[in-house]
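Numbered from 1 within each chain, the chains take letters A, B, ... in sequence-line order.
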Amino acid sequence: MTDLIRYTAAETASAIAAGEVSAAEVAQAHLDRIDAVDKKVNAFLHVDTEGALKAARAVDEKRAKGEKLGPLAGVPLALKDVFTTEGVPTTCGSKILEGWIPPYDATLTSRLKDAGVVILGKTNMDEFAMGSSTENSAYGPTGNPWDLTRIPGGSGGGSAAALAAFEAPLAIGTDTGGSIRQPGAVTGTVGVKPTYGTVSRYGLVAFSSSLDQGGPCARTVLDAALLHEAIAGYDPLDSTSIDAPVPAVVEAAKLRDVRGMRIGVVKEFAGEGYQAGVMQRFNESVELLRELGAEVVEVSCPSFTLALPAYYLIAPSEASSNLARFDAMRYGLRVGDDGTRSAEEVTALTREAGFGDEVKRRIILGTYALSSGYYDAYYGSAQKVRTLISRDFDAAFAGVDVLISPTTPTTAFPIGERADDPMAMYLADLCTIPSNLAGNAAMSLPCGLAPEDDLPVGLQIIAPAMADDRLYRVGGAVEAALNDKWGHTLLEEAPAL
Amino acid sequence: MSVVSLVPYEDALASYDPVMGLEVHVELGTKTKMFCGCSTELGAEPNTQTCPTCLGLPGSLPVVNAIGVESAIKIGLALNCEIAEWCRFARKNYFYPDMPKNFQTSQYDEPIAFNGYLDVQLEDGETFRVEIERAHMEEDTGKSSHVGGATGRIHGATHSLLDYNRAGIPLIEIVTKPIEGAGARAPEVAKAYVAELRELIKALGVSEARMDKGQMRCDVNLSLRPNGTEKFGTRSETKNVNSLRSVERAARFEIQRHAAVLSDGGSIVQETRHFHEDNGTTTSGRIKDNAEDYRYFPEPDLVPIAPSREWVEELRAALPELPRVRRARLQAEWGLSDKDMQSVLNAGAVEPIQETIAAGAPADQARKWWMGELARRANETGTDLAEQPITPAQVARVCALVAEGKLNDKLARQVIEAVLAGEGEPDAVVEQRGLAVVSDDSALGAAVDQAIAENEAVAAKIRDGKVAAVGALVGAVMKATRGQADAARVKDLILEKLGVQA
Ligand SMILES: [Zn+2]
């Protein structure tokens, strides 16, 4: 039954519901797969074998009793290690949280459990979601299943790699500047950053509170929509949660019709720094959308060029405050507590030993940007840029239904290539950051392999806030047309592990 | 430790003009904490009233307590403040082990209430207006206790224990504008302001505002400038002063200390200072140069608060009678002169008297006890009247026993003393000490007969019509019964036995 790992989430759920296979068998097949390949991939930081099998058996028992199963009951999932899980370690890819067992579930975790989703384990990530390659994990890098010597993107490289390596049909990521979409793009998978405020952040260990957003990762647009529907919705425990109905994303994913839609190509996301093969596949996608009956126009968003610097002031500023709580007092790592040192000294030693270089870099950057005398010039100006970017989006969406661009300027780069060059690393999120600053919705889905390196290219679709359904309508249509053209899905071209 | 030199108070004021700023923290009496659902009940086992949010666990998020916001608006309205149409919380970033997130969720440049005033009455009845800068919402920190060192201080301690039950309890910080023009009365103004604010908070029902329980704490910022000059001097910040009397003493001490330093040609260090209740002095705390930077920024985990004008007006209309208005009403009800009312105020006796009356005592009786026996005791022990170990209900019960003739004045005083000494409720004291008035005729009869027999000359005068002389016989009976006889009954019995009409 090795086929089980290649089922989509939708297929898995209906097979379980029909009694063709048990949830326990599905879970075991994926645990076996993880066992077989994860030493090479390193997608998982923690595999919860017992918890997964227990959850799967609970679904089987429910079915045996004739109870109605939800649309994702029994489907395995890989959870980014940034969401708290009661009784299961949560490290955020950091040494400072090594050994911490959260006493509570994130709202997203509870929703998954309530939906009967089987959580296989926690996936690798850049420490505290700071990075674009998963090389900043304190627990070693994750390999890209298309080429294990290359990065799987970041920060959610573990979740994307788990999908591409067929270790799980579904995964959860968080997207602060592109951490769902960019890994999706470079691994040939689908990743969605929902509208800010539609997926609860309660239990999501904060990197940058005003930008962080959890979202679905999957191998197909429909699977992403099913997962989106399971995790989104108002949560009174998150004050920034939006109390409104979740857009009908599953329905939209099944529509496969873009006739009459107006689609804008963001002019600023092209040119120097964009890999030829990436632009080639992107331009083909534009043509494809025209063929499918959409009207495609060019749109200019001039302030998008300021997005990257604004992001690197806002995110580190918030992070410097969010990460202050890791002080060795209540949980996690404690260094130097030998009875002679003061609490302050123990805190300093613990943070020195527990945080990696990129985290320290951003804490220092953010502390500086918030300092009295610099606040207006840095944090204050960045907030103004944020407003300008939102205005550019508003102006663009007045004329078009969605915007499109390449998700990333390049395909997956080799592990180590940009590790010592933070600026080059930061460019990986050039096209994804504006949506975080504006709080709207965006998706990345595969649109082919770059001819020069045979690595996946991502197409980004951006929709206005609370119009997440448009992502699925366009994404579903593009995916169906490309699969028709290729005669198979892109991931079937991935090399065997 | 260097000895602090002081300038006599009058001399200090002859050269310098004090400027004060008062920052008062009030713990709200909400059932739950400011940003989570944990209980705010005092006295629970350490760390039993905590959750992921008030422990600052990774991933946790705050949710604003609506009652906390409502209380803040009520306080703002009662302080004649403007209420913000739109305001935000802000993070105040600094490291301290008892602060779970290492930032305090507070408000910075957008307080919920601002630009108000509070009129306070001084001891001579004069009114002084204290301008209010702002009132803002924030959360309390946890509590550290240091073990192994002397006097519970961190210095010399081997380890510290942290209790997060208090972390996240809602606080309102009320900050005055610089208080100028009080001159020699600055300490008195400080005390009167805190007293008035405490009355106001209690009247609003948003907190019990018990200073002895830390529900209300005052920071006294004080500076001196040479008389006739405008520019403020460098200030000291005396932190967490915990009684009305201490507020006054701390201000007074700092005036004398500043004056000593300045007239010696020295300069005041900008620092926090600790007030010592035992000897009324302050000592140096933490130096506050301008390096302290809290890196405030708007709290991204909370949405802005925009109280609708309708709601604000609803709250304004529903404000209870405020202390000043109430005092005027009570003065009329109790039939007191301005001077008598002022002494009641100065003694801090309004509440106790009012509550004693509410518990059934006549106004004059209630006032008699609180302004007499109990005020004297408060004064002797240097404590606040309201904090004496006797309740208004207990005083009212004693008044009732007197009215019922079960106690006379002398016995009543003994019962009050016994209650204060912790011997229990008035009825129990009467029972245990056998203090009840003897009015039983058969028990008194023998004593009366004996008094008549031993004072035949007085008895003869009475028989002859000099009824006023009966006092001497009553006195003899009282003496013989060690004060426990019902004097009125004794008088009747004597007259009866001597065959005289009263
Ligand atoms: Zn709590």
*State yes or no: are the ring centers of A:Tyr368 and A:Tyr374 separated by less than 6.0 Å?*
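Judged by ring-centre distance (under 6.0 Å), A:Tyr368 and A:Tyr374 do meet the cut-off.
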*Are the aromatic rings of A:Phe207 and A:Phe128 close, with centres under 6.0 Å apart?*
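So the answer is no for these two rings.
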Is [X] in contact with chain B via its backbone, its side chain, both, or neither, using a 4.5 Å heavy-atom distance?
{"X": "A:Ser200", "value": "neither"}
{"X": "A:Leu211", "value": "neither"}
{"X": "A:Pro236", "value": "backbone"}
{"X": "A:Ala343", "value": "side chain"}
{"X": "A:Tyr379", "value": "side chain"}
{"X": "A:Glu344", "value": "side chain"}
{"X": "A:Thr84", "value": "side chain"}

Quick one: which of [options] has the most heavy-atom pairs under 4.5 Å with chain B, could you say?
{"options": "A:Ser372, A:Gly380, A:Ser210", "result": "A:Ser372"}
{"options": "A:Gln383, A:Met329, A:Arg201", "result": "A:Arg201"}
{"options": "A:Ser371, A:Gly332, A:Ala206", "result": "A:Ser371"}
{"options": "A:Thr367, A:Thr340, A:Thr347", "result": "A:Thr367"}

*asked:* Taking every non-hydrogen pair under 4.5 Å, which of B:Phe297, B:Tyr96, B:Tyr94, B:Tyr296 racks up the most with chain A?
replied: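 Most heavy-atom pairs under 4.5 Å with chain A: B:Phe297.
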*For chain A, which of B:Gly59, B:Cys51, B:Pro52 has the most heavy-atom pairs under 4.5 Å?*
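Most heavy-atom pairs under 4.5 Å with chain A: B:Gly59.
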Could you tell me which portion of [X] (side chain, backbone, both or neither) has an atom closer than 4.5 angstrom to a non-hydrogen atom of chain A?
{"X": "B:Tyr164", "answer": "side chain"}
{"X": "B:Asn93", "answer": "side chain"}
{"X": "B:Phe103", "answer": "side chain"}

*asked:* Let me confirm one number: the OG1-CG distance from B:Thr141 to B:Leu171, rounded to the nearest 0.5 Å.
replied: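 With rounding to 0.5 Å, OG1 (B:Thr141) is 8.0 Å from CG (B:Leu171).
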Indicate yes or no: does [X] engage [Y] in a salt bridge with an N to O separation below 4.0 Å.
{"X": "B:Lys101", "Y": "B:Glu139", "result": "yes"}
{"X": "B:Arg166", "Y": "B:Asp163", "result": "no"}
{"X": "B:Arg217", "Y": "B:Glu27", "result": "yes"}

*Looking at A:Val205, A:Val82, A:Leu45, which hits side chain to side chain contact (heavy atoms under 4.5 Å, CB included) with A:Thr91?*
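Per the side chain to side chain contact (heavy atoms under 4.5 Å, CB included) rule, the option paired with A:Thr91 is A:Leu45, out of A:Val205, A:Val82, A:Leu45.
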*Is any side-chain heavy atom of A:Trp100 closer than 4.5 Å to a side-chain heavy atom of B:Pro58?*
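A:Trp100 vs B:Pro58: side chains touch.
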*Examine B:Lys92 relative to B:Tyr294 and say whether NZ or CZ is less than 6.0 Å from the centre of the six-membered ring and inside a 45° cone about the ring axis.*
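Ring-cation test returns yes.
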_Assess, by modelled atom type and distance only, whether the side chains of A:Thr174 and A:Ser179 contain a donor and an acceptor separated by less than 3.5 Å._
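Short answer, no.
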